[in-house]
Amino acid sequence: MYTLERLKKDLENLKPGDHLACIYRNKKEQLSAVVPFILLGLENNEKCIYIIDENTKEDVIEAFKKAADTEEYTNSHQLEFLTRKDAYL
């Protein structure tokens, strides 16, 4: 599992021009990387948007709820969940 501490360390070591890719085998692995990444952005007062892909919106929101209370972020629109259609129109 990808932890917030590991993510912070990986991001601190990035230099301009570097790329970070998270490879996953299933939804659990995917969300274990995505959720800490988004939460770190929220902690840094950044606007975060999750574009719903093969996961359902309910599954993604549930994964966030397990990790942290995101209601404040969603109510303030600092964290938004969009469908692919919403994001590209």
Side-chain angles (χ1 to χ4, degrees):
M1 290 291 179
Y2 211 76
T3 64
L4 189 56
E5 292 76 29
R6 181 175 169 198
L7 175 64
K8 285 179 181 179
K9 183 178 177 184
D10 288 346
L11 293 175
E12 287 172 358
N13 292 327
L14 288 177
K15 296 180 222 73
D18 286 350
H19 292 70
L20 178 66
C22 297
I23 309 299
Y24 54 89
R25 289 174 275 219
N26 55 49
K27 180 175 20 179
K28 184 177 180 181
E29 285 184 0
Q30 177 192 24
L31 293 174
S32 76
V34 168
V35 170
F37 183 79
I38 296 286
L39 291 176
L40 185 60
L42 294 170
E43 288 176 9
N44 289 329
N45 295 315
E46 298 170 354
K47 168 84 175 189
C48 298
I49 298 172
Y50 185 99
I51 300 173
I52 305 296
D53 45 18
E54 66 269 5
N55 300 312
T56 66
K57 183 175 182 176
E58 292 76 21
D59 287 343
V60 174
I61 290 172
E62 186 62 31
F64 276 90
K65 284 182 180 178
K66 288 179 183 176
D69 182 13
T70 58
E71 188 173 343
E72 175 187 337
Y73 299 120
T74 55
N75 287 343
S76 69
H77 300 283
Q78 184 182 352
L79 172 61
E80 293 192 44
F81 298 95
L82 302 175
T83 65
R84 288 182 287 197
K85 182 179 178 183
D86 292 336
Y88 294 111
L89 292 180

Output for pair (Glu71 CD, Ile61 CD1), nearest 0.5 Å, gives 11.5 Å

Residues Pro36 and Leu31: closest non-hydrogen pair is CD-O, 3.9 Å

Correct closest heavy-atom pair for Lys57 and Phe81 would be CE-CB, 3.8 Å

Discussion item. Would Asp59 and Lys27 count as a salt bridge (Lys or Arg N to Asp or Glu O under 4.0 Å) here? Give the steps.
Written reply: CA-CA 9 Å; Asp59 287 343; Lys27 180 175 20 179; 2.7 Å; yes

dist Glu29:CD -> Tyr24:OH (nearest 0.5 Å) comes out at 10.5 Å

Item to complete: For Phe37, look at atom CZ and say whether over 12 heavy atoms of other residues, nucleotides or ligands are found less than 6.0 Å away.
Response: no

Rounded to the nearest 0.5 angstrom, the CD1-CG distance for Ile52 and Leu82 is 8.0 Å

In residues 11-20, what donor-acceptor pairs under 3.5 Å come from side-chain atoms, sequence neighbours left out?
{"residue": "Asn13", "atom": "ND2", "partner": "Lys9", "partner atom": "O", "Å": "3.1"}
{"residue": "Asp18", "atom": "OD2", "partner": "Lys15", "partner atom": "N", "Å": "2.8"}
{"residue": "His19", "atom": "ND1", "partner": "Gly17", "partner atom": "O", "Å": "3.1"}

Inset, instruction - Decide yes or no on side-chain contact (heavy atoms from CB on, under 4.5 Å) for Lys66 and Val35, but give the supporting numbers first. - result: CA-CA 10 Å; Lys66 288 179 183 176; Val35 170; over 6 Å; no

For Tyr73, the ring pair (Phe, Tyr, Trp, His ring centres under 6.0 Å) test, sequence neighbours excluded, returns none

OG1 of Thr56 to CD of Glu58, rounded to nearest 0.5 Å, is 5.0 Å

Quick check: do Phe64 and Thr74 have side-chain heavy atoms less than 4.5 Å from each other?
no

Task: Verdict with reasoning, Glu72 to Leu79, per side-chain contact (heavy atoms from CB on, under 4.5 Å) - done: CA-CA 9 Å; Glu72 175 187 337; Leu79 172 61; over 6 Å; no

Note: Gln78 and Leu42 closest approach over all heavy atoms is NE2-O, 3.1 Å

Donor-acceptor list for residues 43-51 side chains, cut-off 3.5 Å, not counting sequence neighbours:
{"residue": "Asn44", "atom": "ND2", "partner": "Leu40", "partner atom": "O", "Å": "3.3"}
{"residue": "Lys47", "atom": "NZ", "partner": "His77", "partner atom": "O", "Å": "2.5"}
{"residue": "Lys47", "atom": "NZ", "partner": "Glu80", "partner atom": "OE2", "Å": "2.3"}

